[in-house]
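Working notes, beginning with the structure itself.
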Amino acid sequence: QVQLVESGGGLVQAGGSLRLSCAASGLTLSSYGLGWFRHAPGQAREFVMGVNRGGASISYADSVKGRVTISRDNTKRQVNLQMDSMTPEDTAVYYCAATGARGSYYAREQIDYWGQGTQVTVSS
């Protein structure tokens, strides 16, 4: 059974930082593209940042450019999202996602597995 479990969410002041982690089990992580999405109230779930299977290609949303980095460790079965200079607009539930060889990690409809999400709240 595949499981993606996020951690690291919480409350942070504007300008602060958070590091989200996603622990994967039940799959060979190196075979999957990995992404982070977020879902704010009243909005659609949106792509934040992701990395391909080999780790050489990274994509991100314009809204987080220069503030967010992603890293993956296939040996530890983990993918992390470091968020800096956070703003209240970053407030959302953040989801870890994995997609197989035929999917794109930045396309919501092509995701094979989702985590349960972790709440991130940025206060002004």
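This is a predicted model, so every value here is computed, not measured.
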key: Contact summary for Gly50 and Ile70, nearest pair of heavy atoms   = CA-CD1, 3.7 Å
key: Interatomic spacing from CZ in Arg53 to CG in Leu29 - rounded to 0.5 Å   = 12.0 Å
key: Gln82 side chain to Asn80 side chain, donor-acceptor N/O pair below 3.5 angstrom   = no
query = Quick one: do Leu27 and Val5 end up in the same hydrophobic cluster if we chain Ile, Leu, Val, Met, Phe, Trp and Tyr together by side-chain heavy atoms under 4.5 Å apart?
reply = no
key: Glu6 side chain to Gly117 backbone, donor-acceptor under 3.5 Å   = yes
message = If I take atom CG from residue Leu34 and atom CD1 from residue Ile58, how far apart are they, to the nearest 0.5 angstrom?
response = 11.0 Å
inquiry  = Tell me which one of Tyr60, Trp114, Tyr95 satisfies ring pair (Phe, Tyr, Trp, His ring centres under 6.0 Å) with Phe37.
reply    = Trp114
task = State, yes or no, whether a side-chain contact exists between Met86 and Thr91 at a heavy-atom distance under 4.5 Å.
result = no
key: Taking every non-hydrogen atom, the tightest pair across Asp112 and Gly100   = OD2-N, 2.6 Å
key: Flag, side chain of Thr118 to backbone of Tyr94, donor-acceptor distance under 3.5 Å   = no
request  = Return yes when atom OH of Tyr106 has more than 12 non-hydrogen atoms of other residues, nucleotides or ligands closer than 6.0 Å, and no otherwise.
outcome  = no
ask   = About how many Å separate CZ of Arg77 and OG of Ser30, when rounded to the nearest 0.5 Å?
value = 9.5 Å
inquiry  = Tell me the closest heavy-atom pair linking Ser123 and Pro88, and the distance in Å.
reply    = C-CG, 4.5 Å
key: Asn52 side chain vs Gly55 backbone, donor-acceptor pair below 3.5 Å   = yes
inquiry  = To the nearest 0.5 Å, what is the distance between SG on Cys96 and CD on Gln78?
reply    = 10.0 Å
query = If Ile, Leu, Val, Met, Phe, Trp and Tyr residues are connected whenever their side-chain heavy atoms lie under 4.5 Å apart, and connections chain through other members, are Val51 and Tyr113 in the same group?
reply = yes
request  = Kindly give the heavy-atom pair with the smallest separation between Leu4 and Ala24, and that separation in Å.
outcome  = CD2-CB, 3.6 Å
inquiry  = Could you check whether any side-chain heavy atom of Met83 comes within less than 4.5 Å of a side-chain heavy atom of Asp90, counting everything from C-beta outward?
reply    = no
task = Would you give the length of the straight line joining atom CD1 of Ile111 to atom OG1 of Thr99, rounded to the nearest 0.5 angstrom?
result = 5.0 Å
query = Checking side-chain contact (heavy atoms from CB on, under 4.5 Å) against Arg38, which of Gln43, Met49, Arg45, Glu46 comes through?
reply = Glu46
Closest contact, heavy atoms only, Leu20 versus Gly9 = CD2-N, 3.6 Å
inquiry  = Please evaluate residues Phe47 and Tyr105 with respect to the criterion side chain to side chain contact (heavy atoms under 4.5 Å, CB included), reporting the C-alpha separation (whole Å), side-chain torsions for both, the decisive distance (0.1 Å), and the verdict.
reply    = CA-CA 9 Å; Phe47 171 73; Tyr105 57 79; 4.0 Å; yes
inquiry  = As an exercise, state the distance from CZ of Arg102 to CD of Gln110, rounded to the nearest 0.5 Å.
reply    = 12.0 Å
